[in-house]
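What you are looking at is a predicted structure, and each value in this text was computed from that prediction instead of being measured. Every chain is numbered from 1, with letters handed out A, B, ... down the list of sequences.
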Protein chains: 2
Amino acid sequence: MTQQDVQWSTEINNRVDVRVARTRAAVLDAGARLLFTEGWHAVTHLRVAEEAGVGRATMYRHWPTVEDLLADVLVDCQEPWEAAEPTGDLRVDLITELDVFVGALQLSKLPEIIVAAMERAPTDPRIQAMHESMTRISRHPVWTVAQAPIERGELDPELTEEIVAAHTLGPILYQRLFDGQHVTRSDIERTVDAFLTAFAT
Amino acid sequence: MTQQDVQWSTEINNRVDVRVARTRAAVLDAGARLLFTEGWHAVTHLRVAEEAGVGRATMYRHWPTVEDLLADVLVDCQEPWEAAEPTGDLRVDLITELDVFVGALQLSKLPEIIVAAMERAPTDPRIQAMHESMTRISRHPVWTVAQAPIERGELDPELTEEIVAAHTLGPILYQRLFDGQHVTRSDIERTVDAFLTAFAT
DNA sequence: GGTTTCTGAGACGATTTGACTCACAACACG
DNA sequence: CGTGTTGTGAGTCAAATCGTCTCAGAAACC
């Protein structure tokens with residue numbers, strides 16, 4: 001990187017230059033659009049610059065490498081995970097959470113993001129970190145719901161966050177990734193019931 | 001494709017030219033190596049040619065596009081799925097099959113292959129077909145084992161191949177893909193027991 | 001041993017990649 | 001509201017890559 005490290009300091013006095021904000025927004029938006037329509041190999045400086053109506057040089061100023069760009073795009077297009085209100089009924093709450101999960105899988109392009117991140121994760125620590133954070137975020141809701149029943153002894157006390165995730169998110173994700181088909185309400189209920197039957201004490 | 005379609009007909013009188021075989025073997029081997037070490041974006045004509053010690057022109061002769069190349073690499077590095085001898089004990093047989101599955105996941109770079117295939121599948125019908133065949137192959141063993149008990153009424157008669165796969169391979173694959181950690185014997189047993197508990201009649 | 005045919009080296013134009021410059025417009029700040 | 005600062009776009013540049021093609025030589029086939 002011969003060019004000066006941070007000439008446009010992004011924020012001065014805690015204030016972001018309007019132009020910078022505009023550029024970033026346009027680019028990240030265009031990047032996400034390309035990622036979802038053409039796959040992650042379409043996310044290059046050139047393509048995104050064209051798509052965003054932004055100069056190519058500007059791209060390189062903000063994101064020196066493709067990894068910088070892709071990492072930002074991935075972070076940006078992660079929709080916030082709205083936590084559902086727990087009713088106290090474990091079965092109902094699990095179904096609700098998995099419903100949200102499936103919604104995210106279907107509406108947003110989470111599978112594409114997951115795959116893109118997984119592909120790059122081995123080589124890029126930033127994306128690896130993002131992948132881990134995504135994993136954590138996705139399993140947090142079901143773990144939160146399951147935690148109390150475990151402590152109360154209604155569920156197998158051996159259960160860990162990883163195991164709960166594997167047996168609730170796992171089957172759902174498998175169906176979405178490999179069968180491609182829509183994950184239906186009854187798929188969710190079957191998964192939850194199987195989990196409860198197997199791990200209820 | 002201006003160059004004549006098949007000048008080296010690959011086989012003459014059902015016999016493959018030794019040189020062709022050598023080249024193909026070297027290239028597919030190098031391609032797999034690159035795929036597993038640097039990810040699938042490293043599988044380009046140039047890189048593979050260097051890695052395999054083969055002329056670049058030769059690459060283009062055999063595999064005009066990157067998709068041709070990658071598809072062949074993927075097909076080639078799929079190890080044959082040796083079917084285990086069923087004992088008749090459902091639990092034992094399922095554990096055995098999942099053991100084989102986990103072995104394939106750990107030894108071969110199946111996850112990398114899966115991810116690579118998934119990434120390209122939407123754009124390339126050949127890779128999509130390969131992805132589907134891979135899916136079919138992977139779930140065939142567990143389905144075979146589960147089928148008889150279902151017919152005998154020992155397992156939920158509603159069970160389909162997709163559902164069985166989702167609830168056996170799903171959790172295992174999730175752990176491998178997202179936790180990255182080694183899938184242990186007890187993980188397999190837990191998965192099988194959960195499945196049996198949930199779906200035994 | 002003669003013929004076929006596969007290979008490697010290299011050349012080629014076209015395209016892509018990063019890096020850089022510079023004039024200009026838009027912002028921030030007094 | 002004017003002035004100085006700073007991000008931006010257009011465009012240039014060398015280097016690398018892509019896909020194609022030619023050609024001589026080596027090696028396989030018969």
SB check Arg136(A) Glu161(A) (cutoff 4.0 Å): no

Table please: side-chain donor-acceptor pairs of residues 67-76 of chain B below 3.5 Å, with sequence neighbours left out.
from, atom 1, to, atom 2, distance (Å)
Glu67(B), OE2, Arg120(B), NE, 3.0
Glu67(B), OE2, Arg120(B), NH2, 2.9
Asp68(B), OD1, Arg126(B), NH1, 2.4
Asp68(B), OD2, Thr65(B), N, 3.1
Asp68(B), OD2, Thr65(B), OG1, 3.0
Asp72(B), OD2, Arg24(B), NH1, 3.2
Asp72(B), OD2, Arg24(B), NH2, 3.3
Asp72(B), OD2, Trp63(B), NE1, 2.9

Nucleotide nearest Val18(B) (side chain, heavy atoms from C-beta), chosen from dC29(D), dG19(D), dC27(C): dC29(D)

Residue closer to the 5' end of DNA chain C, Ala57(A) versus Val54(B) (nearest nucleotide): Val54(B)

Tyr60(A) side-chain N/O to dG18(C) phosphate OP1/OP2 under 4.0 Å: yes

Nearest to side-chain heavy atoms of Arg61(B), which nucleotide of dT17(C), dG9(D), dG8(C): dG8(C)

Gap between atoms CD and P, on Glu50(B) and dA16(D) respectively (whole Å): 12 Å

Check: Phe178(B) ring centre within less than 6.0 Å of His131(A) ring centre: yes

side-chain N/O Thr23(A) vs dG7(D) OP1/OP2, d < 4.0 Å: no

Separation of atom NE2 in His41(B) from atom P in dT17(D), rounded to whole Å: 13 Å

Arg47(A) CZ - dT15(C) P separation (whole Å): 15 Å

Side chains of Thr184(B) and Asp187(B), donor plus acceptor under 3.5 Å: yes

Separation of atom NE2 in His62(B) from atom C1' in dT5(C), rounded to whole Å: 11 Å

Residue-phosphate contact under 4.0 Å: Thr44(A) side-chain N/O, dT16(C) OP1/OP2: no

Side chain Arg19(B) and base dA27(D) donor-acceptor under 3.5 Å: yes

Rounded distance in Å - NE2 (His45(A)) to P (dG11(D)): 20 Å

Nucleotide dT5(C), atom C1' - distance to CZ of Arg24(B) in whole Å: 17 Å

Salt bridge present between Glu38(A) and Arg47(A) (N-O < 4.0 angstrom): yes

Spacing between Arg22(A) atom CZ and dT6(D) atom P, to the nearest angstrom: 18 Å

Nucleotide dT17(D), atom P - distance to CG of Leu46(A) in whole Å: 17 Å

side-chain N/O Thr58(B) vs dT7(C) OP1/OP2, d < 4.0 Å: no

Donor-acceptor pair present, Arg56(B) side chain and dG19(D) base, under 3.5 Å: yes

Selection from dG8(C), dC27(C), dT8(D) that lies nearest to any side-chain heavy atom of Asp17(A): dC27(C)

